[in-house]
Amino acid sequence: MDAHYRPDIIEPEAQQHWDEKQIFRATEDSAKPKYYCLSMFPYPSGKLHMGHVRNYTIGDVLARYHRMKGYNVLQPMGWDAFGLPAENAAIANDVAPASWTYANIDYMRGQLKRLGLAIDWSRELATCKPDYYRWEQWLFTRLFEKGVIYKKMATVNWDPVDHTVLANEQVIDGRGWRSGALVEKRDIPMYFFRITAYAEELLDGLDHLPGWPERVKTMQRNWIGKSFGVEIHFPLLPSPAGGRGAGGEGVSEPVLKVFTTRADTLFGVTYVAVAAEHPLAQRAAETNPALATFIHECKQGSVAEADLATMEKKGMDTGLKAYHPFTNEPVPIYVANYVLMGYGEGAVMAVPAHDERDYAFAEKYGLAIKPVIQPADATLELPLTAAYTEPGVLFDSGDFSGRTSEDAIDKIALVLKNLNLGEKRTTWRLRDWGISRQRYWGCPIPIIHCPSCGDVPVPEDQLPVVLPEDVKIDVGSPLKKMPEWSNCACPKCGGKAERETDTMDTFVESSWYYARYACPDNASAMLDARAKHWLPVDQYIGGIEHAILHLLYARFFHKLMRDEGLLGSENVRSSDGPHPNPLPPAGEGANDALRAPKTLNEPFANLLTQGMVIADTYYRDLGEGKKQWLNPADVEVRDGVHVLKADGQPVQVGGTEKMSKSKNNGVDPQALIDQYGADTARLFMMFAAPPEQSLEWSDAGVEGAHRFLKRIWAYAQRNQGSLSQGIKFLSSPDADQYWKQGSETTLSFRREIHTILKKAAFDLSKHQLNTVTSAAMKLLNLLEQSQSDVSNVADSIALQGGETPLLLNSQLMLRAEGFSILLRLLAPIAPHICHCLWKEIGYGVDILESDWPKVDESALVRDEIELMLQVNGKLRGKIRVAADADKAAIEQAALASIEVQKYMEGQPAKKVVVVPGRLVNIVV
RNA sequence: GCGAAAGUGGCGGAAUUGGUAGACGCACUGGAUUUAGGUUCCAGCGCCUUACGGCGUGGGGGUUCGAGUCCCCCCUUUCGCACCA
């Protein structure tokens with residue numbers, strides 16, 4: 001054994017051992033229960049960042065822990081390889097997106113391997129390879145034929161200078177990021193997934209995901225946004241006296257349809273507002289140049305909802321009127337920039353008295369504000385100074401006055417229905433998923449446009465539609481300039497036709513990769529029986545930023561694949577059933593596996609959303625509001641001042657922010673691993689913060705983590721002889737006898753060790769890995785303290801292999817047992833050093849094959865316990881009582897305590913609260 | 001703007017889930033070892049106070065014998081908002 005801890009030597013050795021034994025290769029034929037542990041796959045941006053290291057370390061710790069607990073673990077890895085950055089890099093560096101991507105993958109794969117992750121690399125996949133995306137195209141054609149995918153117009157950001165569609169990210173302050181031109185909205189045809197058809201199921205499914213964080217489920221529920229409301233028709237012509245109702249066959253009275261969740265406020269409507277794209281607005285604009293100009297203005301700006309919601313609310317009167325369905329009074333129709341054509345009916349009824357946005361709009365344009373709702377137990381103070389948005393009781397509302405909001409909504413809907421002027425409706429905030437992208441580096445949409453047959457899906461035998469990789473990129477997709485690629489024959493009529501040149505949203509690839517890992521080598525089917533074996537994913541780990549979109553799309557795809565019969569027939573719309581691979585017998589820590597039933601119609605049974613990695617920022621003012629951001633690695637503290645290492649001059653300290661290129665505060669994980677080794681990097685990441693919280697980078701913290709590993713190494717090195725002696729006693733048939741002969745000190749050390757282990761097992765079940773790490777540190781502290789309990793005599797005898805006095809056996813056992821618990825507890829977090837020491841000391845050949853340490857409950861038993869004494873809730877003292885003392889005895893002992901009597905000041909106890917095992921509170 | 005979370009020493013964080021606030025680590029201070037730097041080891045370390053003691057978990061209020069934890073209001077920060085991944 002080397003005298004010094006040398007990660008540069010032991011880490012490659014351990015990794016070579018795992019490689020040669022193919023120890024992480026997962027097979028389907030194991031008798032053990034399966035555990036599919038998946039971390040979100042990386043986009044191959046160039047090199048790993050700290051967020052990756054954190055994500056994959058968390059996943060690896062859970063994978064290794066479950067392996068030691070006796071599960072058949074699958075942990076795969078792949079590449080989310082299509083996407084916008086490859087096209088930007090291609091323009092910047094004059095390389096093809098494909099070769100840039102493949103080079104990045106090769107480099108990053110090497111980095112991941114250097115981290116020592118327990119990954120089954122035989123299942124690696126990259127979404128930009130035809131053997132992956134061909135199945136996405138295949139599924140697309142099936143869904144297109146089923147009508148789950150359809151085409152319609154949709155609004156995008158249009159750069160009028162570059163003549164390209166822009167991603168929201170590429171719109172900065174309403175302008176294109178390269179051209180600087182004011183962005184416009186433009187309608188183009190796009191393909192859509194009918195995700196709204198699954199809205200109900202996606203919503204209900206959340207109730208069957210106990211292993212998901214509550215906040216993620218809440219966010220998804222709100223995103224799906226089921227709301228019950230009323231569709232109301234505002235006639236566009238005044239009603240002839242006495243009669244209303246349906247028009248004749250196929251002919252209907254012209255109406256303006258709106259949807260509202262607050263039908264109770266209907267009598268407070270003072271105007272209606274329509275989107276700029278609404279047909280009514282368009283028609284009015286034909287004869288109204290000012291309105292036409294305004295509508296054109298509304299077209300400016302991005303389509304991002306955050307922009308739409310924060311922009312100044314503007315509107316203009318169309319001059320048209322709609323007629324109140326009950327009072328028949330005319331109300332003006334406004335065009336408003338905050339009404340979205342793509343949402344609901346593209347029109348809203350406005351009730352300024354009871355809606356904040358409508359109130360502000362009415363104030364601005366001098367529209368009437370008519371209150372119709374008041375609190376149940378009070379009257380409104382008039383005139384209103386702000387919208388009253390709470391439900392209440394109706395007044396000034398015709399026959400409905402006096403009803404509560406809830407009651408009125410039902411009644412109003414009923415009357416409207418009888419008049420054929422509306423009805424109750426359920427609406428969803430969720431919109432269908434538009435997946436067409438006018439970009440090159442993505443999966444081609446497998447559609448052929450034929451002048452006579454229309455949109456024809458590419459037949460199965462012509463798949464995949466291969467994306468040409470050897471291209472030059474400038475502005476716009478090269479596919480649109482490659483007739484040799486896009487010209488083709490119509491599969492139906494054989495006539496001249498053209499391929500679709502749009503590609504798919506990269507979210508499509510990441511919506512099903514988790515299933516393909518089960519069978520990445522299958523060239524004849526998207527999924528096979530192996531997918532049925534491994535799914536659902538038992539533990540999914542990734543950033544909280546994916547809480548809504550990616551996780552919702554993946555859940556949606558799971559249901560699509562199920563309905564295609566791809567996940568095994570018994571998985572189709574079935575309820576819970578027995579698990580084919582039962583859990584190992586319940587024991588300590590058994591609650592850690594929230595195992596999913598195989599029939600769960602969800603892809604991810606348990607979800608862990610890790611926080612981001614943040615770091616300090618430093619900058620120098622360059623004047624004119626410009627800042628030069630300096631990397632933390634180049635900054636140091638001299639005499640309490642932050643200075644740049646290069647010139648020794650002070651720098652400004654910014655905030656602590658997410659590691660990013662723009663703030664230049666990223667710390668390169670490679671440098672960290674090169675300097676300290678993978679185990680230190682992993683240990684620091686796990687220790688510095690609980691997985692779900694953000695993690696603040698700290699060089700000093702890394703030093704601390706490294707110091708701990710060095711201490712472990714030194715301890716093992718120093719005690720090698722007595723540890724192997726202890727191992728012999730532990731495995732001897734007399735072990736129990738030896739424990740019984742242990743000194744009080746030895747037994748109390750052992751009690752502490754097992755208490756720490758028990759707490760660590762509990763923490764692991766909660767995935768609270770920072771306190772598991774601190775448990776390992778506590779164990780080493782204890783073992784070092786207990787050192788003095790074992791005499792030097794014992795050490796030298798043990799080292800010589802001679803007989804030890806009986807009294808010392810338990811002390812040697814304590815060391816050997818404690819250290820073995822420490823190594824096994826730490827093995828998932830710092831696998832290399834634990835692998836090496838386990839073998840060197842002689843615990844066994846491979847720590848991965850050892851059992852997870854068990855708590856010896858008999859070691860936890862104690863005779864006396866300490867109770868806190870409180871007087872009026874304030875801590876005033878402590879007493880020791882027998883562990884089995886009853887309440888009366890405890891109360892008596894507490895009242896007799898000198899500290900308590902001092903603070904009672906002779907007053908009688910009003911009440912005595914005894915919390916067994918914890919405290920006594922005396923109220924005077 | 002809407003939706004969701006988080007605020008605890010100088011710092012990262014812990015608190016057996018309503019019962020000893022500050023585990024573990026970092027930083028710092030003192031000491032030992034070392035020619036020195038580094039390393040390693042030992043001790044101390046919430047704030048105020050000479051002390052007795054008091055105060056203390058973003059701010060304000062409430063429930064309770066007892067609140068970091070539960071409820072209400074406010075402030076700040078972070079994440080998401082459908083074409084970044």
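Residue numbers start from 1 in every chain, and the chains themselves are labelled A, B, ... in the order their sequence lines are given, proteins ahead of strands. The analysis underlying the following values was restricted to heavy atoms, covering all of them including side chains, and did not include hydrogens, waters or symmetry mates.
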Please confirm whether the shortest side-chain N or O distance from A:Y338 to OP1 or OP2 of B:C2 is below 4.0 Å. no
OP1, OP2 of B:A82 versus side-chain N and O of A:R431: anything below 4.0 Å? no
Only distances under 3.5 Å count here; give the side-chain donor-acceptor pairs of residues 909-924 of chain A to other protein atoms, sequence neighbours excluded, each with its distance to 0.1 Å.
from	atom 1	to	atom 2	distance (Å)
A:N921	OD1	A:G873	N	3.0

Ignoring backbone atoms, test whether A:K874 places a side-chain nitrogen or oxygen under 4.0 Å from the OP1 or OP2 oxygen of B:C55. yes
Using a 4.0 Å heavy-atom cut-off, does A:I614 contact any base of the nucleic acid, only the sugar-phosphate backbone, or nothing at all? nothing
The glycosidic conformation of B:G30, counting syn as within 90° of 0 and anti otherwise, is anti
Quick one: is B:G25 close enough that its OP1 or OP2 comes under 4.0 Å of any side-chain N or O from A:S774? no
Drop me the distance from A:M190's CE to A:I445's CD1, to the nearest 0.5 angstrom. 8.5 Å
Identify which nucleotide among B:G80, B:U78, B:U20 has an atom closest to any side-chain atom of A:L875, counting heavy atoms from C-beta outward. B:U20
Would you say A:K778 places a side-chain N or O within less than 4.0 Å of OP1 or OP2 belonging to B:C24? no
From B:A4, B:U39, B:G80, nucleotide with atom closest to A:E545 side chain: B:G80
Would you classify A:M504 as touching base, sugar-phosphate or nothing, given that sugar-phosphate means primed atoms plus P, OP1 and OP2, and contacts are heavy atoms under 4.0 Å? nothing
A:I544 side-chain proximity, nearest of B:G53, B:C79, B:C83: B:C79
For the side chain of A:D505, starting at C-beta, report the closest nucleotide among B:G19, B:A82, B:C83. B:C83
At a cut-off of 3.5 Å, list every protein nitrogen or oxygen paired with a nitrogen or oxygen from nucleotides 10-15 of chain B, distance to 0.1 Å.
from	atom 1	to	atom 2	distance (Å)
B:G12	O2'	A:A688	O	2.5
B:G13	OP1	A:S694	O	3.4
B:G13	O3'	A:N770	ND2	3.2
B:A14	OP1	A:N770	ND2	3.1
B:A15	OP1	A:Q768	NE2	3.0

Under 3.5 Å, is there a donor-acceptor pair between the side chain of A:K778 and the main chain of A:I756? no
Counting the atoms with a prime plus P, OP1 and OP2 as sugar-phosphate, which does A:H546 contact under 4.0 Å by heavy atoms, base, sugar-phosphate, or nothing? base
So if I take every side-chain heavy atom of A:N168 and compare against B:A82, B:A85, B:C79, which nucleotide ends up nearest? B:A82
In terms of side-chain heavy atoms of A:Y43, which of B:G3, B:A85, B:G54 is nearest? B:A85
List, with names and distances, any nitrogen or oxygen atoms from the protein found under 3.5 Å away from nitrogen or oxygen atoms belonging to nucleotides 68-74 of chain B.
none

Could you check B:U50 for me: syn (within 90° of 0) or anti? anti
Which residues in residues 914-924 of chain A have at least one heavy atom lying under 4.0 Å from any atom of RNA chain B? A:V915, A:R918, A:L919, A:N921, A:V923
Testing B:C79, B:G19, B:G3 for proximity to the side chain of A:N222, the answer is B:G3
Atom P, compared across B:G53 and B:U8: separation rounded to whole Å: 30 Å
Quick one, give me the B/S/- string for nucleotides 41-48 of chain B, reading 5' to 3', where B means a protein heavy atom under 4.0 Å from the base and S means that only happens at the primed atoms, P, OP1 or OP2. S-------
Identify, with sequence neighbours excluded, every residue that meets salt bridge (Lys or Arg N to Asp or Glu O under 4.0 Å) alongside A:R876. none
